[in-house]
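As a basis for the values below, the full set of heavy atoms in this structure was taken, side chains included, without hydrogen atoms, waters or symmetry mates. Per chain, numbering begins at 1; letters A, B, ... match sequence-line order.
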Amino acid sequence: MRKIMSYTPQFLAWYKQNKRDLPWRETTDPYAIWLSEIILQQTRIDQGLNYYLKFIERFPCVIDFANATEDEVLKMWQGLGYYSRARNMHTTAKTIVSQFQGEFPASYKELMQLKGVGEYTAAAIASIAFNLPHAAVDGNVYRVLSRLFGIDLPIDTGQGKKAFTQLANELIDHQHPGNFNQAVMEFGAIQCTPRNPDCTICPFKQSCQAYLSNTINKLPVKKGKVKIRKRYFNYLVIVSDSSTFLQKRTQNDIWKNLYEFPLVETEKEVTSEAVLEQFFETPQTASSLYITDETSWKKQVLSHQHIFYRFIYLKIERKSDIPATLVKVNKKDIFNFAVPKPIEKELEKTNWQ
DNA sequence: CACCCGTGGCC
DNA sequence: TGGCCAAGGGT
């Protein structure tokens, strides 16, 4: 136990010397901490920083956030990915206002009840905003502790998570829990990196079990590999004089509650004629349709899926052939809608005046 | 527990 | 190039 405890001041000292200057480190406002923690879930600081600044500016407090529409929140989140984070944040903002008088609860247990707040985020908010001794165990912490102590338990199993969380809670500094948690994470992000860490300048090189046994690149251990599903999306861009058509993805699927062009999903790459047949069903509609353009197939890589997609530009002579379920959108308003990355890229190619 | 949910950077 | 990884959480 003595040996374990001795690491704690070293982490704090390293953090004081090496921490990056970041906006959410200038406050203990639980709202700001919550916002930054959700944005940074599975997301690099470089990618999330501007989103954080944009959200703080538009929503200075949780009440402002709660009063927004989900469409606006998703539009602001566009491009960050894992859109359930944005939907859950909106739910939680409304919960904070309606059930907690606009103030974040100051306990780990209550924080855990909030949508989108799991063990890691609850511990991060509890320690940073409320100075409570809960270890925040993220990917950095798994990596640092597995190497420092030479632990080869898989980090993506219940047993592994429990062991590393327990170890982190033994190490945590009870006087400065927020700084300690951020210190270990920052250490993992800057010094104890996943690939090619420079162990020659590491303050723990004389005690790090992985370094001493030359197993840095074997730790941490992960079990599972994810299966990748391939899907084929044919998007129909129906353009008339001043408007086009979108639809909202309301199913429990990727990009939920974002907007997209009318979609025909197929089992493989098929001809555009086959796509139109599937979409318009009634054969007589065909005489009313004209394909004006057709893009090549492109690929969007998601965490569990590879989406192969293309766009088919259409003119439709009889307006009655346009399905009534589609949302008619004035061209000049098209950038007001939250859209997934493939749609965003395609929109940027066209002049929507 | 197994599976699902985005995007971008790196080597 | 393609696989890995990033301040995870929900179901």
Side-chain angles (χ1 to χ4, degrees), chain A residues 15 19-20 22-25 32-52 74 77-89 91-92 111-125 127-128 135-144 154-162 164-165 168 178 180-190 192-197 217 220-229 231 249 251-258 299-307 309 338-345:
Chain A
Y15 183 59
K19 72 171 183 175
R20 290 166 287 184
L22 296 168
W24 50 85
R25 288 183 175 158
I33 302 303
W34 166 73
L35 187 53
S36 70
E37 291 300 340
I38 304 291
I39 286 175
L40 292 175
Q41 284 171 4
Q42 298 289 284
T43 305
R44 287 196 172 78
I45 287 174
D46 288 344
Q47 195 185 355
L49 178 57
N50 286 337
Y51 285 87
Y52 172 82
L74 283 171
W77 198 269
Q78 179 179 313
L80 247 194
Y82 285 140
Y83 296 93
S84 66
R85 292 184 293 172
R87 299 192 305 268
N88 289 336
M89 279 189 98
T91 299
T92 286
L111 289 166
M112 278 289 286
Q113 304 302 314
L114 303 172
K115 268 274 170 28
V117 176
E119 289 182 20
Y120 162 78
T121 306
I125 299 173
S127 63
I128 298 170
V137 184
D138 74 334
N140 290 306
V141 179
Y142 287 125
R143 185 171 59 256
V144 170
I155 63 174
D156 53 353
T157 64
Q159 188 192 2
K161 285 174 183 168
K162 193 175 173 185
F164 283 104
T165 300
F180 175 82
N181 281 333
Q182 295 186 81
V184 182
M185 292 190 282
E186 189 81 335
F187 182 79
I190 292 177
C192 194
T193 52
R195 290 179 305 269
N196 306 324
N217 57 9
V221 172
K222 279 192 183 177
K223 262 188 82 168
K225 259 194 174 181
V226 296
K227 283 185 180 176
I228 303 295
R229 176 161 66 123
R231 300 172 75 178
R249 296 184 60 88
Q251 305 298 312
N252 280 325
D253 194 359
I254 59 171
W255 303 325
K256 185 179 178 183
N257 289 3
L258 272 62
K299 186 164 93 165
Q300 177 71 13
V301 176
L302 283 64
S303 55
H304 283 65
Q305 301 181 27
H306 288 180
I307 308 296
Y309 67 94
V339 297
K341 188 56 73 174
I343 305 293
E344 180 187 333
K345 286 180 176 171

Practice item. Identify which nucleotide among dG9(C), dA6(C), dT11(C) has an atom closest to any side-chain atom of Gln41(A), counting heavy atoms from C-beta outward. Key: dG9(C)
Check your understanding: Taking the P atom of each, how far is dG9(C) from dG8(B), in whole Å?
Key -> 22 Å
Exercise for review: Name the nucleic acid region contacted by Asn196(A), choosing base, sugar-phosphate or nothing; use a 4.0 angstrom heavy-atom cut-off, strictly under.
Suggested key: nothing
Point to revise | Heavy-atom pair of closest approach, residues Tyr15(A) and Arg25(A) | key: OH-NE, 3.1 Å
Review point. With a non-hydrogen cut-off below 4.0 angstrom, is Trp77(A) in contact with a base, only sugar-phosphate, or nothing?
Key: nothing
**Study point:** Residue whose closest nucleotide on DNA chain C lies nearer the 5' end, Asn88(A) versus Arg25(A)
**Key:** Arg25(A)
Exercise for review: Select base, sugar-phosphate, or nothing to describe what Gly79(A) touches, counting heavy atoms under 4.0 Å on all strands.
Suggested key: sugar-phosphate
Practice item. Classify the nucleic acid contact of Ala136(A) as base, sugar-phosphate or nothing, counting any heavy atom under 4.0 Å across all strands shown. Key: nothing
Review point. Between dG6(B), dA6(C), dC4(B), which one does the side chain of Leu302(A) approach most closely?
Key: dG6(B)
Review point. Contact class for Ile45(A) (heavy atom, under 4.0 Å): base, sugar-phosphate, or nothing?
Key: base
**Study point:** Atom-to-atom span, NZ of Lys227(A) to P of dG2(C) - whole angstrom
**Key:** 21 Å
Exercise for review: Can you figure out which of dA7(C), dA6(C), dC5(B) approaches the side chain of Asn140(A) most closely?
Suggested key: dA7(C)
Review point. Between dA6(C), dT7(B), dC5(B), which nucleotide has the shortest distance from any of its atoms to the side chain of His304(A)?
Key: dC5(B)
Check your understanding: When you measure from the side chain of Arg44(A), which nucleotide among dA7(C), dG6(B), dA6(C) comes out closest?
Key -> dA6(C)
Practice item. Taking only the side-chain heavy atoms of Leu22(A) (C-beta and beyond), determine which of dG10(C), dT7(B), dA7(C) contains the nearest atom. Key: dA7(C)
Point to revise | Touch class at under 4.0 angstrom, heavy-atom based, for Thr43(A) against every strand present | key: base
Practice item. Scan Glu119(A) against the nucleic acid and name what it touches under 4.0 Å (heavy atoms): base, sugar-phosphate only, or nothing. Key: sugar-phosphate
Point to revise | Distance between P atoms of dA7(C) and dC10(B) (Å, rounded) | key: 14 Å
Check your understanding: Parallel, tilted or perpendicular: which fits the ring planes of Tyr51(A) and Trp77(A), with parallel below 30° and perpendicular above 60°?
Key -> tilted
Review point. NA contact type, Gly158(A), heavy-atom cut-off 4.0 Å: base, sugar-phosphate, or nothing?
Key: sugar-phosphate
